[in-house]
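Heads up, the thing below is written out as C-alpha cells.
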Amino acid sequence: TKITAFDGEDDDEFGRYSGTLLANNALAIGAPYDDDEGEDAGAVYIFYNVDGGEKSSTPSKLYASSPNAQDRFSWQVVASESGILYVGGRGSGDSVVDVFTPVGENGEYTHTAIIQSDDFVVVVVFGQTMFAFNNLLIVRSSKRDEGRGAVYIFLTEDSGNSFEQVAMLQPDDLSEGDEFGEVTITQNYAVVCTAKHNDETGACYAYQTLDSGKKWFFATKFTSRDV
C-alpha cells in the first residue's frame with residue numbers, strides 16, 4: 001500500500017521520518033514543512049485503517065496548538081502504547097511538545113496538553129528527540145547549557161490530559177559540547193543516556209527508578225575504557 005498526503009504540495013516533506021503506528025489501528029505521519037498554518041509550520045496526518053487494513057479512511061490533519069511559521073511541527077512524532085501522541089518541532093519559537101489523545105475508535109485525535117520544561121528557555125532544543133514509555137515521556141535537550149545537554153522526564157497519571165515534570169537528568173561532570181541525552185529505556189525502568197563527546201571517547205550514564213517513574217536516581221557511568 002502506498003500512502004500519500006491528500007493535499008500534499010512540493011517540499012512538504014510528507015513522511016520525512018517513518019510513520020508512527022498508533023494503538024487504535026491508526027498511523028501518524030508528519031509533514032514538517034506543510035504551509036497550512038504558515039510557511040514551514042508543519043502538520044501531522046492521521047490515517048485510520050478500514051476493511052481489515054485494505055484501505056485507509058480519509059485522513060485527519062493535526063496542527064500545533066499555537067502554530068507559527070518555521071516551527072516545523074512534526075519533526076518528531078512518537079506514541080505511547082495506549083495511543084497518546086506526542087509531537088515536537090524544530091523551530092525558533094516556543095520549545096514545547098503538543099499532546100493528542102484518541103477520541104473513539106475511528107482514528108480521531110484531540111489536543112489535550114502542552115509539555116514544557118520547568119526551566120523553559122527558548123533557545124533550548126526541546127522536542128526534537130523524544131521517547132514514550134508507558135505513562136512517561138522522555139525529552140532530550142542536547143543543546144542546553146552550551147551543548148552540555150539534559151534529559152527531561154514527564155509523567156501523566158490521567159491518560160495524557162496533564163503532565164508533571166518528575167526529573168531533569170544532567171550529570172555534574174559534563175563539559176560544553178558533550179551533547180548528553182540520547183536515550184534508551186528498558187522494561188524495568190532503567191534509563192541509559194549517552195554523552196557522545198564526554199571524556200573525548202563518549203560516555204553512558206544509567207539512571208533508575210523504583211516507583212514506576214515518579215523519582216529517579218543516578219546509578220552508574222561507564223565508558224569504552226570500562227569494557
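Taking all atoms of both residues into account, the shortest heavy-atom contact from Lys215 to Thr209 is O-OG1, 2.7 Å. The two atoms that bring Ala113 and Gly160 nearest to each other are CB-O, 3.8 Å, heavy atoms only. The two atoms that bring Ala28 and Leu85 nearest to each other are CB-CD1, 4.1 Å, heavy atoms only. The shortest heavy-atom contact between Gly83 and Tyr109 is O-OH, 3.0 Å. Taking every heavy atom of both residues into account, Ala203 and Thr223 meet most closely at CB-CG2, 3.8 Å. In plain terms, the two heavy atoms of Ser175 and Arg148 that are nearest each other are O-CG, 3.3 Å.
In this structure, the side chain of Asn135 does not engage the main chain of Leu155 through any donor-acceptor pair within 3.5 Å. In this structure, Asp158 contributes its side chain and Ser162 its backbone to a donor-acceptor pair below 3.5 Å. No side-chain donor-acceptor contact under 3.5 Å links Ser80 to the backbone of Ala132. Between the Glu81 side chain and the Asn134 main chain, a donor and an acceptor come within less than 3.5 Å of each other. Proximity of a side-chain donor or acceptor of Asp145 to a complementary backbone N or O of Gly149 within less than 3.5 Å is not detected. Counting only distance, with no hydrogens or angles, the side chain of Ser60 and the backbone of Glu108 share no donor-acceptor pair below 3.5 Å. Not a single donor-acceptor pair under 3.5 Å links the side chain of Thr20 to the backbone N or O of Ala79. The main-chain N or O of Glu9 is found under 3.5 Å from a side-chain atom of Asp12 such that the two form a donor-acceptor pair.
Taking CZ of Arg140 as the reference point, atom CZ of Phe131 lies at 14.0 Å (rounded to 0.5 Å). How far CD of Gln170 is from OG of Ser141: 9.0 Å, rounded to the nearest 0.5 Å. In this structure, Ser74 OG and Tyr63 OH are separated by 11.0 Å, a value rounded to the nearest 0.5 Å. Taking OG from Ser117 and CE from Met168, the interatomic distance works out to 9.0 Å, rounded to the nearest 0.5 Å. One finds the CD1 atom of Ile114 at 5.5 Å from the OG atom of Ser66 (value rounded to the nearest 0.5 Å). One distance of note links CG of Asp36 with CZ of Phe73; it measures 12.0 Å at 0.5 Å rounding.
At most 12 non-hydrogen atoms from other residues, nucleotides or ligands lie less than 6.0 angstrom from CG of Asp11.
When only modelled atom types and interatomic distance are considered, Asn161 and Ser159 share no side-chain donor-acceptor pair under 3.5 Å. For the residue pair Asp98/Ser65, the side-chain donor-acceptor check at 3.5 Å is satisfied.
Using a 4.5 Å heavy-atom cutoff, the side chains of Ile46 and Leu22 are in contact. When side chains are defined from C-beta on, Phe100 does not count as touching Thr110, because their heavy atoms never get closer than 4.5 Å. Side-chain contact between Asp178 and Glu176 is absent, with no heavy-atom pair separated by less than 4.5 Å. Leu137 places a side-chain heavy atom less than 4.5 Å from the side chain of Val97. You'll find the side chain of Leu27 reaches within 4.5 Å of the side chain of Ile3, heavy atoms only. Under the 4.5 Å side-chain criterion, counting only non-hydrogen atoms from C-beta, Val151 is in contact with Cys193. With contacts defined as side-chain heavy-atom distances shorter than 4.5 Å, the pair His111/Thr101 does not qualify. Val191 places a side-chain heavy atom less than 4.5 Å from the side chain of Trp216.
Under the 4.5 Å side-chain heavy-atom criterion for grouping Ile, Leu, Val, Met, Phe, Trp and Tyr, Leu21 is connected to Phe14 within one hydrophobic cluster. Criterion: ILVMFWY side-chain heavy atoms under 4.5 Å apart, direct or through other members. Under it, Val139 and Val78 are part of a common hydrophobic cluster. Following chains of ILVMFWY side-chain contacts shorter than 4.5 Å, one cannot reach Tyr207 starting from Leu210, and the two form parts of different hydrophobic clusters.
Using a 4.0 Å cut-off between charged nitrogen and carboxylate oxygen, Arg72 and Glu13 do not count as a salt-bridge pair. With salt bridges taken as basic N to acidic carboxylate O contacts below 4.0 Å, one links Lys143 and Glu179. In this structure, Asp71 does not pair ionically with Arg90, as no charged nitrogen and carboxylate oxygen lie closer than 4.0 Å. Salt bridge status for Glu182 with Lys196: absent, with no side-chain N to carboxylate O gap under 4.0 Å.
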Mind running side chain to side chain donor-acceptor pair (under 3.5 Å) on Asp10 and Tyr33 for me, showing each step along the way? CA-CA 9 Å; Asp10 291 345; Tyr33 292 92; over 6 Å; no

Determine, step by step, whether Tyr86 and Gln76 satisfy the side-chain contact (heavy atoms from CB on, under 4.5 Å) criterion, reporting the C-alpha distance in whole Å, the side-chain angles of both residues, the deciding distance to 0.1 Å, and the verdict. CA-CA 8 Å; Tyr86 303 96; Gln76 175 82 65; over 6 Å; no

Worked verdict on Lys61 versus Glu37 for salt bridge (charged side-chain N to carboxylate O under 4.0 Å, His left out): CA-CA 12 Å; Lys61 203 169 180 181; Glu37 300 293 318; over 6 Å; no

With side-chain contact (heavy atoms from CB on, under 4.5 Å) as the test, would you mind laying out the steps for Ile115 and Phe163 before giving the verdict? CA-CA 7 Å; Ile115 295 176; Phe163 287 81; 3.7 Å; yes

Ile84 vs Val99, test: side-chain contact (heavy atoms from CB on, under 4.5 Å). Steps then yes/no. CA-CA 7 Å; Ile84 301 173; Val99 182; 3.6 Å; yes

Output, in order, the C-alpha distance, side-chain angles, deciding distance and verdict of side-chain contact (heavy atoms from CB on, under 4.5 Å) for Phe180 and Thr194. CA-CA 6 Å; Phe180 170 80; Thr194 65; over 6 Å; no

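Taking the six-membered ring where the residue is Trp, Tyr205 and Phe218 present tilted rings, their angle falling between 30° and 60°.
Aromatic rings from Tyr189 and Phe133 are positioned such that their centres are separated by under 6.0 Å.
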